[in-house]
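Both backbone and side-chain heavy atoms feed into the values below; hydrogens, waters and symmetry mates do not. Chain identifiers are assigned alphabetically (A, B, ...) following the order of the sequence lines, protein sequences preceding nucleic acid strands; residue numbering begins at 1 within each chain.
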There are 2 protein chains.
Amino acid sequence: MASTNGLRDRRRRQTRRDIHAAALWLAREHGFDKITVDMISAEAGVSPRTFFNYFPNKEAAVLPGPTELPEGLAAQFITRGAAHPREVLADLTQLLVRDLADNAPQRQEMHAVFALTRSHPALLAAMLARFDSFQRSIAEAVAQRLEQRPDGEVPTLLAALALTAMRTGLERWACEESQSEADDSPVPYVERSAELLRTLLTP
Amino acid sequence: MASTNGLRDRRRRQTRRDIHAAALWLAREHGFDKITVDMISAEAGVSPRTFFNYFPNKEAAVLPGPTELPEGLAAQFITRGAAHPREVLADLTQLLVRDLADNAPQRQEMHAVFALTRSHPALLAAMLARFDSFQRSIAEAVAQRLEQRPDGEVPTLLAALALTAMRTGLERWACEESQSEADDSPVPYVERSAELLRTLLTP
DNA sequence: GTAGAACTTGCAGAGTGTGCAACAATTCCT
DNA sequence: AGGAATTGTTGCACACTCTGCAAGTTCTAC
């Protein structure tokens, strides 16, 4: 019975955060390919063996959180029922925006991650794989809503469109110089990309 | 002076093909994570050290050919000059279709590769990285044509759209049962996806 | 034909990632 | 509270990946 707030689980989450923080800090400091799992574990205060209990590899330790569509948001999206693809896409954008608002990613961290992926192909590949997994979970939700197969063309393409908007918006936000401390949200950037994507395809 | 048709270069190309063929064959037979570089090299008749002279890792050996927009096609595309994004996108589709027609990928091989990526995350990540690199080279061509920055939003989004169409079309083609031997081209599939992408957003 | 360039190979070594088993800590139940 | 069951940590051994270096070999060019 894995309670979500027992001592054990709190420590587990903390350890995970510690390892991630250590990995990201070291990678920014020395470059991703100049650090080892031994270094990261030492910095995080665990054994190298424990590192692999939390992350399957070095890449996963550097990249932030899980990449799956939250259950609740997906259900809410699905039950709206079939509609014209344009409307479904608009809902998808709303969905992603809400997810972003909930998760509240840190600009500093995102900036670091994107910068790292630019010079380290292995890290880029890992991040792309995460986006792809996220995209698949979106496609599945779309398929359920439209009552089609999850690997059908329409769900796949709609998910790709929505995720492309989110990806480019996020990246743009992360690369921007942080000016205002208060309203530091990627949401406007994602909405802007989604809007641009829409206008690009309509005459 | 690296001539393109001396004995040396012909042998080099052949060796590369041999290693790739061995890697793909073994991966299909035993699964990607059940084979080692030693096995592949043995099958291809080279030393393990030589394997790494041709490919940076196991993933690259399994995946087919280089993934960059050919110089010639890109130049032809760029010199058409600025136009409405819709038209640029249409030209991009033409570009990709022509590239596919030139490269003439084998359905059998593509089918095997896509199937492998489905069960082997490392391979999927590597393939996504290749598509991403391809997408970047497309974005660069678009940027040159529109006289914008290569990492600008419009070139990025247009490249993403074009490549999404190609990717889903290709995958669909690869998964289809091969019926007609003669006209076995992915082109109609890619065009279909591009068309679908276009109509999805227009009321 | 010979000098130099390019390719292959073996070897040594650092690093990744996994299975296993012992040990330690928490949680559960009474 | 106390003992059993569960879960987490760690060390160890081991297979595998990938790189630099230094031969040795094969092709190319003049």
Return the value, rounded to whole Å, for the distance between atom CG of A:Asn53 and atom C1' of C:dA21.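 In whole Å, C:dA21 C1' and A:Asn53 CG are 14 Å from each other.
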
It should be established whether [X] places a side-chain nitrogen or oxygen under 4.0 Å from OP1 or OP2 of nucleotide [N].
X	N	answer
A:Ser47	D:dT10	yes
A:Thr36	C:dG15	no
A:Arg12	D:dT9	yes

Categorize [X] for me: base, sugar-phosphate, or nothing, with a 4.0 angstrom heavy-atom threshold over every strand shown.
X	answer
B:Pro48	nothing
A:Phe55	nothing
A:Tyr54	sugar-phosphate
A:Asn57	sugar-phosphate

Run the salt-bridge test on A:Arg192 and A:Glu195 with the 4.0 Å N-O cut-off and return the result as yes or no.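 Between A:Glu195 and A:Arg192 there is no salt bridge, as every charged N stays at least 4.0 Å from the carboxylate O atoms.
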
Would you say the side-chain atoms of A:Ser193 and A:Thr168 include a donor-acceptor pair closer than 3.5 Å?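 A:Thr168 and A:Ser193 do have a side-chain donor-acceptor pair below 3.5 Å.
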
Selection residues 23-49 of chain B - residue pairs positive for salt bridge (charged side-chain N to carboxylate O under 4.0 Å, His left out), sequence neighbours left out: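 Those involving residues 23-49 of chain B do not exist here.
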
Can you list every salt bridge (charged side-chain N to carboxylate O under 4.0 Å, His left out) pair that touches residues 157-169 of chain B, not counting sequence neighbours?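 Sorted result for residues 157-169 of chain B: A:Asp132-B:Arg167.
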
Quick one: the side chain of A:Arg49 and the base of C:dG19, do they pair up donor-acceptor inside 3.5 Å?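 Yes, a donor-acceptor pair under 3.5 Å.
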
Any donor-acceptor N/O pair under 3.5 Å between D:dT26 base and B:Arg8 side chain: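 In this structure, the two groups form a donor-acceptor pair.
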
Taking only the side-chain heavy atoms of B:Lys58 (C-beta and beyond), determine which of D:dT17, C:dT16, C:dA25 contains the nearest atom.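 For the B:Lys58 side chain, the nearest candidate turns out to be D:dT17.
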
Closest to the B:Phe52 side chain, choosing from D:dC18, D:dC16, C:dT16: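 For the B:Phe52 side chain, the nearest candidate turns out to be D:dC18.
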
